[in-house]
Visitor: 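Structure in C-alpha cells, see below.
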Amino acid sequence: MKPFTADFAGATVMPSLNQGERAGGRRPDMILLHYTGMPEHDGALAWLCNPESQVSSHYFVHEDGRIVQMVPEDRRAWHAGKSFWAGETDINSRSIGIEIANAGHPAGLPGFPEKQIEAVIKLCLDCGRRHDIAPERVLAHSDVAPVRKVDPGENFPWGQLHAAGVGHFVEPVPVQGGRFFQKGDHGQPVEALQSMLSLYGYDIEITGEYSDKTEGVVAAFQRHFRPERVDGIADMSTIETLHRLLTTLPRYA
C-alpha cells in the first residue's frame, strides 16, 4: 500500500494492506467505535497493519490522543466483521472504523484517558461533518454485532461524546423496580420490545419469544445506552430508555 494523505488533519499515516473497495461505490454514512482489547497498544496497531490478521480500521487512537490513519476513508477497512444495522449487512462498506487503544474486558475494563476521549471526539466530529453522518449512526461494534462483540464496552463515555456533539444519546432512566422481561418469556410485550429494538436498527426478529438472541441484543443496547446494569433483562429502565431514544430520532419525532 502506497503512502496517502491523511483525511483527518491531525493524523499520522501508517498504511495497512488490509483494505479494499467500498461495495457499489458507497460512501461512509456510519462511524463504528471499537476498543483494541489487547494489552500492548503498539502491538495492536501493528496487528491491524499485518496482512496475516485480515483486520484493519481507518483510524487508531492512542491513549495520549495521538491519531494514526491506516486506511483512506474512501476505501473499505476490515473492522466490523459479520454485522448488521438497519437492514444493512455490509457495514464495512458503509462505515469509518475507529480503534481505541484500550485493553477492554479481558483487563477488567480500564478507563479511557481524557486526552484519548478528546481526540476521539475531534475525530468523530470531523468525519461526521465531512460525510454528513447522522448522530444515531455513530455506533459501538457491539451494536452491530451483538453477542459476538462487546466493545468498546460499558465504561465507554457515550454521554460525554453526546455532550460534545457526537452520537445519539439520552440520559438513561435509573434502574428501579417494576415489571421486567427475560429469557423464556413470550407474548405481545416481548414482541413490542423486539419491534422497538428493530426500529432503532438492531438485528432482531419480531417473534414474541425472549430468545438467546433477544437477550444478547438487549445486553448490547444496555452496554451502549443503559450501562448501569448489563444483564440482558429488559427491565423498565431499559425499555423506557429505548422509548426515549426512539422518540428523539428525527424520523420518529
Visitor: Is the closest side-chain heavy-atom distance between Ser195 and Leu193 below 4.5 Å?
Guide: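 In short, these two side chains do not touch, never coming nearer than 4.5 Å.
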Visitor: Side chain of Ser16, backbone of Leu48: donor and acceptor closer than 3.5 Å?
Guide: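 Yes, the answer is positive, given that a donor and an acceptor are paired below the 3.5 Å cut-off.
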Visitor: Enumerate the residue pairs fulfilling side chain to side chain donor-acceptor pair (under 3.5 Å) with a member in residues 3-12, sequence neighbours excluded, ordered by first and then second residue.
Guide: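 Qualifying pairs, neighbours excluded: Asp7-Gln69.
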Visitor: Do Gln194 and Val190 have side-chain heavy atoms sitting under 4.5 Å apart?
Guide: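 The answer is yes, as the side chains (C-beta and beyond) meet within the 4.5 Å cut-off.
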Visitor: To the nearest 0.5 Å, what is the distance between OH (Tyr210) and CG (Asp185)?
Guide: 8.0 Å
Visitor: Does Ile233 sit in a hydrophobic cluster with other residues, and if so which ones, taking ILVMFWY side chains as linked at heavy-atom separations under 4.5 Å, directly or through other members?
Guide: Phe180
Visitor: Grab the two heavy atoms, one from Pro3 and one from Pro15, that are nearest each other, plus how far apart they are.
Guide: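 Where Pro3 meets Pro15 most closely, the heavy atoms are CA-CG, 4.1 Å.
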Visitor: How would you list all residue pairs meeting side chain to side chain donor-acceptor pair (under 3.5 Å) that involve residues 45-54, not counting sequence neighbours?
Guide: Asn18-Ser53
Visitor: Work out which heavy atom in Ala23 is nearest to a heavy atom in Arg26; give both atom names and the distance.
Guide: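 Taking Ala23 first and Arg26 second, the nearest heavy atoms are O-CG, 3.0 Å.
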Visitor: If you group Ile, Leu, Val, Met, Phe, Trp and Tyr by side-chain heavy-atom gaps below 4.5 Å, do Leu45 and Trp78 land in one group?
Guide: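 No, Leu45 and Trp78 fall in different hydrophobic clusters.
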Visitor: Going by atom type alone, with no hydrogens or angles, which donor-acceptor pairs under 3.5 Å involve a side-chain atom of residues 36-43 and a protein atom two or more places apart or on another chain?
Guide:
unit_1 : atom_1 : unit_2 : atom_2 : d
Thr36  : OG1    : Asn102 : N      : 3.2
Thr36  : OG1    : Asn102 : O      : 3.1

Visitor: Report the residues that fulfil side-chain contact (heavy atoms from CB on, under 4.5 Å) with Ser142, sequence neighbours left out, ordered by chain and then residue number.
Guide: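 With neighbours one apart ignored, the set is Ala140, Arg223.
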Visitor: Could you pull out the closest heavy-atom pair between Leu32 and Ala80, with the gap in Å?
Guide: CD2-CB, 3.8 Å
Visitor: Give a yes or no on whether Ile239 and Val173 share a hydrophobic cluster (residues Ile, Leu, Val, Met, Phe, Trp, Tyr; joining criterion: side-chain heavy atoms under 4.5 Å apart).
Guide: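 No: no chain of side-chain contacts under 4.5 Å links Ile239 to Val173.
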Visitor: With sequence neighbours left out, what residues match Phe225 under ring-ring contact (aromatic ring centres under 6.0 Å, His included)?
Guide: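 With sequence neighbours excluded, Phe225 shows a ring-ring contact (aromatic ring centres under 6.0 Å, His included) to Tyr200, Phe221, given in chain and number order.
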Visitor: For the side-chain contact (heavy atoms from CB on, under 4.5 Å) test, which of Leu123, Ile31, Leu125 pairs with Val166?
Guide: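 That would be Leu125.
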Visitor: Any Lys/Arg nitrogen of Asp90 or Arg76 sitting under 4.0 Å from an Asp/Glu carboxylate oxygen of the other?
Guide: yes
Visitor: Could Asp64 and Arg66 be called an ion pair, given the rule that one side-chain N must be under 4.0 Å from one carboxylate O?
Guide: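 Counted as a salt bridge, because a side-chain N and a carboxylate O are separated by less than 4.0 Å.
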Visitor: Just how far is it from atom OG1 of Thr214 to atom CG of Leu197, taken to the nearest 0.5 Å?
Guide: 8.0 Å
Visitor: Please find the pair of heavy atoms, one from Ser198 and one from Ile204, that lie closest to each other, and give the distance.
Guide: N-CG2, 3.8 Å
Visitor: For residues Met236 and Val230: do they belong to one hydrophobic cluster (side chain heavy atoms under 4.5 Å, members Ile, Leu, Val, Met, Phe, Trp, Tyr)?
Guide: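 No; Val230 is not reachable from Met236 via cluster members.
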Visitor: Do the side chains of Arg130 and Glu73 get close enough for a salt bridge, i.e. N-O under 4.0 angstrom?
Guide: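 Judged by the 4.0 Å cut-off on N to carboxylate O distance, Arg130 and Glu73 do form a salt bridge.
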Visitor: Under the ring pair (Phe, Tyr, Trp, His ring centres under 6.0 Å) rule, what pairs show up with a residue in residues 116-152, not counting sequence neighbours?
Guide: His34-His141
Visitor: Should Val138 and His168 count as side-chain neighbours, where that means a heavy-atom distance under 4.5 Å?
Guide: no
Visitor: Hey, does Glu191 have a side-chain heavy atom less than 4.5 Å from the side chain of Thr207?
Guide: no
Visitor: Should Phe60 and His58 be marked as a side-chain contact (heavy atoms from CB on, under 4.5 Å) after you check the CA-CA gap, both sets of side-chain angles, and the distance that decides it?
Guide: CA-CA 7 Å; Phe60 183 101; His58 294 91; over 6 Å; no
Visitor: Tell me which pairs pass salt bridge (charged side-chain N to carboxylate O under 4.0 Å, His left out) where either residue lies in residues 202-212, with sequence neighbours left out.
Guide: Lys183-Asp212, Asp203-Lys213
Visitor: Scan the side chains in residues 104-120 for donor-acceptor partners under 3.5 Å anywhere in the protein, sequence neighbours excluded, and list what turns up.
Guide:
unit_1 : atom_1 : unit_2 : atom_2 : d
His105 : ND1    : Tyr35  : OH     : 2.7
His105 : NE2    : Glu154 : OE1    : 2.9
Glu114 : OE2    : Gln160 : NE2    : 2.7
Gln116 : NE2    : Val61  : O      : 3.2
Gln116 : NE2    : Ala101 : O      : 2.9

Visitor: Testing the basics here: between Asp235 and Arg229, what is the closest heavy-atom pair and its distance to 0.1 Å?
Guide: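 Scanning both residues, the minimum pair turns out to be OD2-NH1, 4.3 Å.
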Visitor: Going hydrophobic residue to hydrophobic residue with side-chain gaps under 4.5 angstrom, can you get from Ile133 over to Phe8?
Guide: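 Result: yes, single cluster for both.
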Visitor: Partners of His162 by ring-ring contact (aromatic ring centres under 6.0 Å, His included), sequence neighbours excluded?
Guide: none
Visitor: Could you give me the CA-CA distance, side-chain angles and deciding distance for Cys124 and Ile98, then say whether side-chain contact (heavy atoms from CB on, under 4.5 Å) is met?
Guide: CA-CA 9 Å; Cys124 287; Ile98 300 174; 3.9 Å; yes
Visitor: Under a 3.5 Å cutoff, is there a donor and acceptor pairing between the side chains of Ser95 and His79?
Guide: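 Result is yes, a qualifying pair exists.
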Visitor: Could you walk me through whether Leu199 and Leu246 pass the side-chain contact (heavy atoms from CB on, under 4.5 Å) check?
Guide: CA-CA 8 Å; Leu199 280 171; Leu246 283 169; 4.0 Å; yes
Visitor: Less than 4.5 Å apart, any side-chain heavy atom of Arg148 and any of Lys82?
Guide: yes
Visitor: Between Ala11 and Ala6, what is the shortest heavy-atom contact and its length?
Guide: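 In terms of heavy atoms, the two residues are closest at O-CB, 3.7 Å.
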Visitor: To the nearest 0.5 Å, what is the distance between CG (Asn92) and CD (Gln19)?
Guide: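 One gets 12.0 Å once the value is rounded to the nearest 0.5 Å.
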Visitor: Hydrophobic clusters here meaning ILVMFWY residues chained together by side-chain heavy-atom distances under 4.5 Å, can you tell me if Val150 and Phe156 are in one?
Guide: no
Visitor: How many angstroms lie between atom CG of Asp126 and atom CD1 of Ile121, to the nearest 0.5 angstrom?
Guide: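 The CD1 atom of Ile121 is 13.5 Å from CG of Asp126, to the nearest 0.5 Å.
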Visitor: Would you call Asp143 and Lys149 a side-chain contact if the rule is heavy atoms closer than 4.5 Å?
Guide: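 Not touching, per the 4.5 Å side-chain cut-off.
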Visitor: Is there a side-chain contact between Ile91 and Trp85 in this structure, where contact means two heavy atoms from C-beta onward sitting under 4.5 Å apart?
Guide: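 A side-chain contact under 4.5 Å exists here.
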Visitor: Scan residues 93-108 for pairs that pass salt bridge (charged side-chain N to carboxylate O under 4.0 Å, His left out), counting only residues two or more places apart or in two chains.
Guide: Asp29-Arg94, Glu88-Arg94
Visitor: So do the side chains of Met70 and Tyr59 get within less than 4.5 Å of each other, counting heavy atoms only?
Guide: no
Visitor: What's the separation between atom CZ in Arg75 and atom CZ in Arg22, rounded to the nearest 0.5 Å?
Guide: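 Between atom CZ of Arg75 and atom CZ of Arg22 there are 10.0 Å.
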Visitor: Looking only at the side chains, is there a donor atom on one of Arg226 and Ser237 sitting less than 3.5 Å from an acceptor on the other?
Guide: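 Short answer, yes.
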Visitor: Please evaluate residues Met30 and Ile96 with respect to the criterion side-chain contact (heavy atoms from CB on, under 4.5 Å), reporting the C-alpha separation (whole Å), side-chain torsions for both, the decisive distance (0.1 Å), and the verdict.
Guide: CA-CA 6 Å; Met30 302 172 63; Ile96 293 172; over 6 Å; no
Visitor: Sequence neighbours left out, what passes side-chain contact (heavy atoms from CB on, under 4.5 Å) with Ala163? Give chain and number order.
Guide: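 Not a single residue meets the side-chain contact (heavy atoms from CB on, under 4.5 Å) criterion with Ala163.
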Visitor: Going through the checks in order, is the side chain to side chain donor-acceptor pair (under 3.5 Å) test met by Thr238 and Gln222?
Guide: CA-CA 7 Å; Thr238 301; Gln222 293 170 333; 3.1 Å; yes
